[in-house]
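Here is the structure we will look at, set down as structure tokens.
Naming: A, B, ... by sequence-line order, numbering from 1 per chain. Predicted, not measured: the structure shown is a model, and the values here were computed from it.
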Amino acid sequence: MQSKWDIGEPEKRTINSETEQLKSELLTLNMGPQHPATHGVLRIEIWTDSEIVAHAIPHLGYLHRCMEKHAENLDYRGVIPFVDRLDYLAAMNMEWTYVQAVEQMLGTEVPRRAELLRILTGELQRIASHLMAFGTYALDLGAFTPFLYAFETREKILRLFEEVSGARLLYNYIWVGGLWNDWTDEQLERVGQFCDFMEEEAKKYNELVSYNKIFIERTANVGVFSLQDCLDYGATGPVLRGSGMKWDLRKNKPYSLYSEFDFDVPVGDGEHGQAGDCWNRYMVRMKEVVQSVKIIRQVLEKLEPGPIMGKVPKIIKLPKGEVYVRQECPRGELAFHLVSEGDAKQPYRLKVKSPCFTHVSMLPRVAPGQMIADFVATVGSIDIVLGEVDR
Amino acid sequence: MSTNVHQTGSVKDYFLDLYNGIRTSFVGMWITFKYVWSAKHVSIEYPEVREVLPERSRMRLFNDAQNCISCTQCAMACPVDCIYIASEKYPEGHEVQKTSNGQPIRLKLTQFVIDTSLCCYCGLCTTVCPTECLTHSHDYEFSQYTIDSMKYDYLAPDVVAWRDRIVKS
Amino acid sequence: MLNVDFQKLSDLINKNVPGANAVVNTPEGKSDSSITVEASSIFAVVSFLKTNSEMPFNSLHVISGVDYVEHMEVCYMMSHFDPEGGREFILKIKVTDRVNPAVDSIVSLYAAANFQEREVYDMYGIKFNNHPDLRRILCPDDWEGFPLRKDYVAQKVYNGMEVFPDSKMNFEDREFIVRQAMIKKAQTQSAQ
Amino acid sequence: MQDGVVLSTVDEFLNWGRKNSLWPMTFGLACCAIEMMATGASKYDLERFGCGAFMATPRRSDLMIVAGTVTLKMATRVKVLYEQMAEPKYVISMGSCANKGGPYWQHGYHVLKGVDEVVPVDVYVPGCPPRPEALIEGVMTLQKKIANERLLRNKWVKHA
């Protein structure tokens, strides 16, 4: 049996009988690091046979910011701003995962209101992140207007976040033990209004883009990740769900207070195309937005006044040991492997399991046989953030 | 093989595809067209109109040197080490001043420099300040032509004028 | 950790993989448990974990390295995605050779290991035998040293660019602080 | 009036043209790129300054907004991109990372400590990331700089 990663020597690979007869040479095409469709500084070396991709080799590290090295030199609170900058589109979720790892080792009790507000911010951030994915994916495929709509809606969330945390993109809001600031009733009311607005807006986006025939033609049946591939490569999040596996850590291993909430886990059902293609991956995100709104509504009902900060020592020192903490972030499962040697103010080791890193490693698997334009659609559909890939 | 091959079907399918393509495109265009009369004005015409920043917004740091007690807690909390504080003891017989919230100033501040080009605006320094003299102002318009002018000495005489500018705007 | 009976799993490994020497590390407090196996038998162990019927693991989450100065550890986060009930646990091996560390690659078992092993090689210099394409992944190909080792010292110049240029390091400000601290120390010493 | 009426007027005209049609390159590196996109989107609308036509290629752009951390691996590419741009070309360094290495200056073995190590920078915009307004202010600062350029006068007028 040929193993999964091995897609054969590029020279020897036959695309179809026609090209075999033409005996055309493979052309090396360099996509990136500066390329509008790679969402940052991903560089992909593509070996093409006329318009058909024969082989794609991702080259990473153009944004390698040595975050793991920094984490070993900073105190536990000081790591949070750096964790923010991993996935800068979902900074709240990044913080939350890291903070959860520290709290688990520290054994901190987080007040109920803080946990609920964390779910609120996490889900709002998920919406913001998926909106960004929606806007830029449409931009990749040549539609500019959805980008403007998505950003207009995203700005509403960012304004809320700025009011509560003080920054637009990188918040440093979720702290060890709780939250920095509390939400006022007026802000929570606006969150409720935003929920109504977002539901209407999601319907509009679906009409505008998702069910557009041209969009479906561009994305359905393109870049199919089979379920076995996803498991082999360790894909998570919308990529795994788009391939038809109903796996969501919020349901399957409920952390925080997610077990109290009622929501669905959308999976790629092959409404158009087949499960695992670009359209289904994209659609999982759009459906998740609606589910997030549903969760936020429930949070607003459950919220009661109370403290937002648990008891945390002034200087955090963790006992000797290690934890591996996973969370469901917008792009997949983020995990931190936190090792502490005891009696130190710094982590001994902080390994980031980034979902996008795994997803990028799937590109060589899916690329052979695609058109170049379809390959762009595939790269866009896995929604990578390079800050997290390279760390 | 995952290329997007058009399914060859009957003539009916062909025209159905065509119809769906045109219909869905018009649905999208109609949504955009509605913006002609129903859209709210979202653009902020920046230099003339400014968005009112939320109270907690974290922009350029400002240190009120008169209230600083040189405790260096901010420098310790700073994850990027961009705050440089130095202080020395007052000569003997010096009358101990007090900050606005009543803390005695026992050390003479001789240097308070923040390198703004390194700052990551995380806000950790302001939360530990015991006298609340180090704050995030709401001033974000300070782009510079040279990198050296990004370093701010908060003991310089012109810093008061700069603070006045913030207070006014 | 999720749904894993560590004792049972280690017994399973010991029974089916001779020479694996699986040991359960049960830490104090709230830390996670893990299983340590012999470095030489890692391929057999992972192969067993993937194919067994009692407790299969269908996915590899991540491979992480830890440098404990006297030895290095490679941690394999094994995971099982199943809507009915997932599993995960940390599988560890110890690598004692710092000069020329090498372990068997598991790329032929899990395709996910391809990039992950390259990253561990990039950061810790642990070579993976039988890896199809063992190059540096994050750092440039001509980078010197392995950054996440505890004894790593960054190179001074890369490709004509200074890594830590003196003009950008704020030496004047920091020197001032250091000098002040020394004066303070001298004062306290003289006072004593 | 020592520069001459004609040269001054022509200079002013050229500068006016240059400063109001700055075409930036689509060149996002990290977090700041998101704020750069937000600046180009509906709420802040960089187009009002003639600066919103994001070009995908360096050959037809005048302005490179270095938005994000420049790593050593990327630095040579940034230089190549800068060299490909046609004159007149300007560089805005956006955010702490591009200014001086930002948060990664101390232990960042793989981070270039400021993009000015490889390309000349005209305007530094502080912030981490800067607000969209701050970027617009940076563009306006650059426009002020361009308005004062002495393009023909430097060539033809001899100063005492």
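For chain D, no part of B/Ser149 is nearby; none of its heavy atoms comes within less than 4.5 Å. Within the 4.5 angstrom heavy-atom criterion, only backbone atoms of B/Cys119 (N, CA, C, O) approach chain D. Looking at D/Tyr104, there are no atoms closer than 4.5 Å to chain B (heavy atoms on both sides), in backbone or side chain. Contact of D/Gln106 with chain B is made through the side chain alone, with heavy-atom distances under 4.5 Å. Heavy atoms closer than 4.5 Å to chain B are found in the side chain of D/Asp45, but not in its backbone.
Closest approach of B/Asp81 and B/Ala75 over heavy atoms only: OD1-O, 4.0 Å. Summarising the geometry of B/Ser143 relative to D/Glu137, their closest heavy-atom pair is OG-OE1, 2.8 Å, with the distance given to 0.1 Å. In this structure, B/Phe112 and B/Asp153 approach most closely via the heavy-atom pair O-OD1, 3.5 Å. For the residue pair B/Tyr90 and B/Ile105, the shortest heavy atom distance occurs at CE1-O, 3.8 Å.
The residues D/Arg131 and B/Glu51 are annotated as salt-bridged, a charged nitrogen and a carboxylate oxygen being separated by less than 4.0 angstrom.
Taking chain B as the reference chain and counting heavy-atom pairs below 4.5 Å, the highest number among D/Ile92, D/Ile136, D/Leu142 is found for D/Ile136. Contact count against chain D (heavy-atom pairs under 4.5 Å) is highest for B/Leu118 among B/Leu118, B/Thr116, B/Ile44, B/Thr146. Ranking B/Val80, B/Val42, B/Asp115 against chain D, the residue ahead of the rest is B/Val80, based on heavy-atom pairs under 4.5 Å. Considering only heavy-atom pairs separated by less than 4.5 Å from chain B, the leading option among D/Pro126, D/Pro103, D/Ala134 is D/Pro126.
Neither side chain, B/Tyr46 nor D/Arg48, offers a donor N or O lying under 3.5 Å from an acceptor on the other. Side-chain contact annotation: B/Asn67 with B/Thr131, donor-acceptor N/O pair under 3.5 Å absent.
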